[in-house]
Amino acid sequence: MPDTRPLFLLHPHPATPASFVRNLEARVFWSPAPHSLNLHYCLRGDISRLRIPAQQAGRASSNLWEHTCFEAFLALPESAAYREFNFSPSGQWASYAFSGYRSPVTDVMDSSQPTITTYQSAGRIELKATLPVDMIPPHALLLGLRIGLNAVIESADTQDGAHSYWALSHLSPRPDFHQRGSFMILLPP
């Protein structure tokens, strides 16, 4: 049976095109029991031209955006605060909290971790991430979420490790996933 949940198309920033990527789609939805947020990304294209991090033990890590990774930005509808999550095809992940635009909060510690599953074939890479409810902004199950979905795609066939930046919408001349206007999805409670 086909998946009928909304499908969102991500677009490359005009300054960072990637001809080897045919398309990049994502879905985001709640799971009722146990409560969790599910994110599914599917990239189609010439996967041999991508630099994909090798599988590792799933653990928290930093600087994942330096290589191919999929990202989600989550905020309550009327709040300046937001969370950023990075999911690497390697199984590693990162979580950051911000009180406002690029204003990090350093005392937030996640008590659990996401579940990340990656599937890869000649023309496709899929990443599925599930965030337990305690990693999601408080009260999201009552108020809903504003969500930005993004990806950083690293090319394997350039000497400088060129990156392409993908989002639902790009609002500035340079890639910037933190702009609140790019949190375009309203996920109801």
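In this chain, numbering begins with 1 at the start of the sequence shown.
Side-chain contact between Tyr119 and Lys128 is present, with heavy atoms from C-beta onward closer than 4.5 Å. No side-chain heavy atom of Ile147 sits less than 4.5 Å from a side-chain heavy atom of Phe8. Residues Thr68 and Leu43 form no side-chain contact, since every pair of their non-hydrogen atoms from C-beta on lies 4.5 Å or further apart. The shortest distance between side-chain heavy atoms of Trp93 and Cys69 does not fall below 4.5 Å. Contact annotation: the side chain of Thr117 never approaches that of Leu127 to less than 4.5 Å [non-hydrogen atoms, C-beta and beyond]. Side-chain contact check for Pro89 versus Ile125: some heavy-atom pair is nearer than 4.5 Å. Using a 4.5 Å cut-off on side-chain heavy atoms (C-beta onward), Pro104 and Tyr96 make no contact. Looking only at side-chain heavy atoms (C-beta outward), Pro114 and Met135 come within less than 4.5 Å of each other.
Taking all atoms of both residues into account, the shortest heavy-atom contact from Pro175 to Thr16 is CG-CG2, 4.4 Å. Across all their heavy atoms, Leu171 and Gln179 have their closest contact at CB-OE1, 2.8 Å. Nearest heavy atoms, Pro53 versus Arg51: CD-O, 3.8 Å. Nearest heavy-atom pair across Leu10 and Ala151 is CD2-N, 4.1 Å. Scanning all heavy atoms of the two residues, the minimum distance from Pro12 to Ser164 falls at CB-OG, 4.0 Å. The two residues Pro77 and Leu186 come nearest to each other via the heavy atoms CG-CD1, 4.3 Å.
With rounding to the nearest 0.5 angstrom, the CG atom of Leu131 is 8.5 Å from the CZ atom of Arg83. Between the CE atom of Met184 and the CG atom of Leu168 there is a distance of 6.0 Å, given to the nearest 0.5 Å. Rounding to the nearest 0.5 angstrom, the gap separating the NE2 atom in His163 from the CD1 atom in Ile153 is 9.5 Å. For the atom pair CG (Asn63) and OG (Ser88), the distance works out to 12.0 Å, reported to the nearest 0.5 Å. Here CD of Gln113 is found 11.0 Å from CG of Asp134. Values are rounded to the nearest 0.5 Å. We find the CZ-OG distance between Phe29 and Ser36 to be 8.5 Å, quoted to the nearest 0.5 Å.
Sorted by first and then second residue, the ring-ring contact (aromatic ring centres under 6.0 Å, His included) pairs involving residues 169-189 (not counting sequence neighbours) are His13-His170, Phe73-His178, Phe73-Phe183, Tyr82-His178, Tyr82-Phe183, Phe98-His178.
Across His40, Glu126, Arg44, a single residue satisfies side chain to side chain contact (heavy atoms under 4.5 Å, CB included) together with Glu25, and that is Arg44.
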### Query
Taking it one step at a time, do Asp176 and Arg102 satisfy side chain to side chain contact (heavy atoms under 4.5 Å, CB included)?
CA-CA 10 Å; Asp176 185 356; Arg102 292 189 180 271; 2.8 Å; yes

### Query
Can you list the steps and then say if Phe87 with Thr118 is a side chain to side chain contact (heavy atoms under 4.5 Å, CB included)?
CA-CA 10 Å; Phe87 310 108; Thr118 304; over 6 Å; no

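Both Val28 and Phe85 belong to a common hydrophobic cluster when Ile, Leu, Val, Met, Phe, Trp and Tyr are linked at side-chain heavy-atom distances under 4.5 angstrom. Hydrophobic clustering of Ile, Leu, Val, Met, Phe, Trp and Tyr side chains at less than 4.5 Å, counting indirect connections, unites Leu39 with Ile52. No continuous path of hydrophobic side-chain contacts links Val152 to Phe70 [ILVMFWY only; heavy atoms under 4.5 Å]. Tyr41 and Leu64 fall into different hydrophobic clusters, where Ile, Leu, Val, Met, Phe, Trp and Tyr are joined by side-chain heavy atoms under 4.5 Å apart, directly or via other members. Under the 4.5 Å side-chain heavy-atom criterion for Ile, Leu, Val, Met, Phe, Trp and Tyr, Leu37 and Ile116 are members of the same hydrophobic cluster.
Shown here are the side-chain contact (heavy atoms from CB on, under 4.5 Å) partners of His11, two or more places apart in sequence or in another chain: Leu9.
Side chain of Arg180 to backbone of Ala75: no donor-acceptor contact under 3.5 angstrom is found. In this structure, Ser169 contributes its side chain and Ser182 its backbone to no donor-acceptor pair below 3.5 Å. Panel note: side chain Trp166, backbone Asn23; no donor-acceptor pair is recorded below 3.5 Å.
For CZ of Arg174, the number of neighbouring non-hydrogen atoms (other residues, nucleotides, ligands) closer than 6.0 Å is 12 at most.
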